[in-house]
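One is the number of the first residue; the rest follow in order along the sequence. Model, not experiment: these values are computed from the prediction.
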Amino acid sequence: MKGIVFTEFLTMVEETFGFDMVDTIIEKSELPSGGAYSAVGTYPHTEIVSLVSQLSHESQMEVPLLLKTFGHYLFQSLAKAYPQFVDRTSAPLDFLEQVETYIHVEVRKLYPDAELPHFSCSRPNSENELHMIYESRRHMEDVCDGLIHGCLEYFKADCSVKREAYPDGRELFVISQNS
Ligand code: HEM
């Protein structure tokens, strides 16, 4: 997993809970990397799982809520770090559709070792209703949920989001534009 995910996660923890919390969760997670992340480095995905579960333990907040909150935060950070990807369109559903066909394709060119999810997108009922089926071995559905909400807020879009887990482990997100 790319270092930017870790550096942004720890920044969010510091802003929300303070630096002592960052220290505590790094220490208690017993990480192979020791918790020193560089934005361009690559680290085991299991380290974020340990950090989030320690944060849940220390803060008494549920893991899914922490992951959604992090996803929301992460979108703002990614949009700042990669303005060239968000400036291409002002239509939120078009943007979300382009995560699979353009943004993550470009991300993979920059970082060939990036571990990215797969999305199948369609608009089966109306142009204003996007179906995104998320698939990843890392099962970061809650982070994905937060990223989608962060994206909708960024585009100031009036949309509702519903999600449904498939028995095979994939997750359907239905994003409906209200106006
Ligand atoms: C400016 C926009 C975006 C950029 C630059 C971007 C880039 C990235 C990067 C660098 C990673 C980390 C890869 C790794 O750790 O190896 C990532 C992961 C991920 N991205 Fe994006 N992304 C963007 C928008 C989105 C949006 C809007 C969604 C949701 C629809 C999304 C869904 C995900 C998910 C769920 C992961 C976690 C990995 C997984 O689930 O397997 N991304 N993205």
(request) Dump the intermediate steps for ring-ring contact (aromatic ring centres under 6.0 Å, His included) on F9 and Y37, then the final yes or no. (result) CA-CA 11 Å; F9 176 73; Y37 301 108; 9.5 Å; no

(request) Measure the spacing between CG of L55 and CD of Q60 and express it to the nearest 0.5 Å. (result) 11.0 Å

(request) State, to 0.1 Å, how close R138 and P117 come at their nearest heavy-atom pair, and which atoms those are. (result) NH2-N, 4.1 Å

(request) Treating Ile, Leu, Val, Met, Phe, Trp and Tyr as nodes and any side-chain heavy-atom pair under 4.5 angstrom as an edge, say whether L172 and I148 lie in one connected cluster. (result) no

(message) Rounded at 0.5 Å granularity, tell me how far NZ in K109 sits from NE2 in H104.
(response) 14.0 Å

(message) Quick check on E30: does its CD atom have over 12 non-hydrogen neighbours (other residues, nucleotides or ligands) under 6.0 Å away?
(response) no

(message) Do V52 and I25 make a side-chain contact, defined as non-hydrogen atoms from C-beta onward lying under 4.5 Å apart?
(response) no

(request) Enter the distance from L74:CG to C144:SG here, rounded to the nearest 0.5 Å. (result) 11.0 Å

(request) Verify the distance criterion only: is there a donor paired with an acceptor across the side chains of E8 and S77 at less than 3.5 Å? (result) yes

(request) Flag the pair T16 / Y73 as yes when at least one side-chain heavy-atom distance between them is below 4.5 Å, and no otherwise. (result) no

(message) Determine whether L10 and M12 satisfy the following criterion, side chain to side chain contact (heavy atoms under 4.5 Å, CB included), listing intermediate values before the conclusion.
(response) CA-CA 5 Å; L10 293 177; M12 181 193 78; over 6 Å; no

(request) Quick one: closest heavy-atom pair of T42 and K2, and the distance? (result) OG1-NZ, 2.9 Å

(message) Can you confirm whether L78 sits close enough to L147 that some side-chain heavy atom of one is under 4.5 Å from a side-chain heavy atom of the other?
(response) yes

(message) So does D113 get a backbone contact from the side chain of R108, meaning a donor-acceptor N/O pair under 3.5 Å?
(response) no

(message) Any heavy-atom pair between the side chains of Q76 and Y154 that's under 4.5 Å?
(response) yes

(message) Please determine whether residues V174 and V161 belong to a single hydrophobic cluster, defined as Ile, Leu, Val, Met, Phe, Trp and Tyr linked transitively by side-chain heavy-atom distances below 4.5 Å.
(response) no

(message) Any carboxylate oxygen within less than 4.0 angstrom of a Lys/Arg side-chain nitrogen, looking at E141 and R163?
(response) no

(message) If you define the side chain from C-beta out and look only at heavy atoms, does anything of M61 sit under 4.5 Å from S56?
(response) no

(request) Report the C-alpha distance between S120 and M132 in whole Å, list the side-chain angles of each, state the deciding distance to 0.1 Å, and finish with yes or no for side chain to side chain contact (heavy atoms under 4.5 Å, CB included). (result) CA-CA 6 Å; S120 307; M132 292 182 92; over 6 Å; no

(request) Look at the side-chain heavy atoms of Ile, Leu, Val, Met, Phe, Trp and Tyr, link any pair under 4.5 Å apart, and say whether V105 and I4 land in one connected group. (result) no

(message) Restricting to non-hydrogen atoms, name the atom on V63 and the atom on S53 that form the minimum distance, rounded to 0.1 Å.
(response) CG2-CA, 4.5 Å

(message) Is it the case that the side chain of Q54 and the backbone of I26 share a donor-acceptor pair, with hydrogens and angles ignored and the cut-off at 3.5 Å?
(response) no

(message) Taking the side chain as everything from C-beta on, heavy atoms only, tell me whether E135 gets closer than 4.5 Å to D168.
(response) no

(request) Verify side chain to side chain contact (heavy atoms under 4.5 Å, CB included) between L51 and F6, making sure each step is shown before the conclusion. (result) CA-CA 9 Å; L51 286 165; F6 293 90; 4.1 Å; yes

(message) Counting C-beta onward and ignoring hydrogens, is there a side-chain heavy-atom pair between I133 and F173 closer than 4.5 Å?
(response) no

(request) Provide the closest heavy-atom pair for F155 versus T89 in the form atom of the first, atom of the second, distance. (result) CE2-O, 3.1 Å

(request) Find the distance between OG (S176) and CG (N128) and round it off to the nearest 0.5 Å. (result) 8.5 Å

(request) May I ask you to say whether R123 pairs ionically with E97, meaning some side-chain N is under 4.0 Å from a carboxylate O? (result) yes

(request) Look up atom OG in S160 and atom CD1 in I175, then write down how far apart they are to the nearest 0.5 Å. (result) 9.5 Å

(message) Quick one about E47 and S29 (side-chain donor to acceptor, distance below 3.5 Å, no hydrogens or angles considered), yes or no?
(response) no

(request) Drop me the distance from Q84's CD to I103's CD1, to the nearest 0.5 angstrom. (result) 9.5 Å

(request) Kindly say whether C159 contributes a backbone atom to a donor-acceptor pair with the side chain of Q177 at under 3.5 angstrom? (result) no

(request) State whether the side chain of H72 and the backbone N or O of K68 hold a donor-acceptor pair below 3.5 Å, judged by distance alone. (result) no

(message) Using 30° and 60° as the class boundaries, would you call the ring planes of Y111 and Y82 parallel, tilted or perpendicular?
(response) perpendicular

(request) Measure across Y134 and M140 and return the closest heavy-atom pair with its distance rounded to 0.1 Å. (result) OH-N, 2.8 Å

(message) With clusters defined by side-chain heavy atoms of hydrophobic residues (ILVMFWY) lying less than 4.5 Å apart, directly or transitively, does L31 cluster with F19?
(response) yes

(request) Please say whether the positively charged group of R88, taken as NZ for Lys or CZ for Arg, lies over the ring of F95, i.e. under 6.0 angstrom from the six-membered ring centre and within 45 degrees of the axis. (result) no

(message) For E106, I'd like to know if atom CD has over 12 heavy atoms of other residues, nucleotides or ligands within 6.0 Å.
(response) yes

(request) For E100 and H118, test the side chains for any donor-to-acceptor distance below 3.5 angstrom and give the result as yes or no. (result) yes

(message) Tell me if a side-chain donor or acceptor on Y43 pairs with a main-chain N or O of S38 at a distance below 3.5 Å.
(response) yes

(message) Within a 6.0 Å radius of atom NE2 on H45, are there more than 12 heavy atoms belonging to other residues, nucleotides or ligands?
(response) yes

(request) Would you check if H139 and E171 make a side-chain contact, meaning some heavy-atom pair closer than 4.5 Å? (result) no

(request) Please name the pair of heavy atoms, one in T7 and one in A39, separated by the smallest distance, quoted to 0.1 Å. (result) CG2-N, 4.1 Å

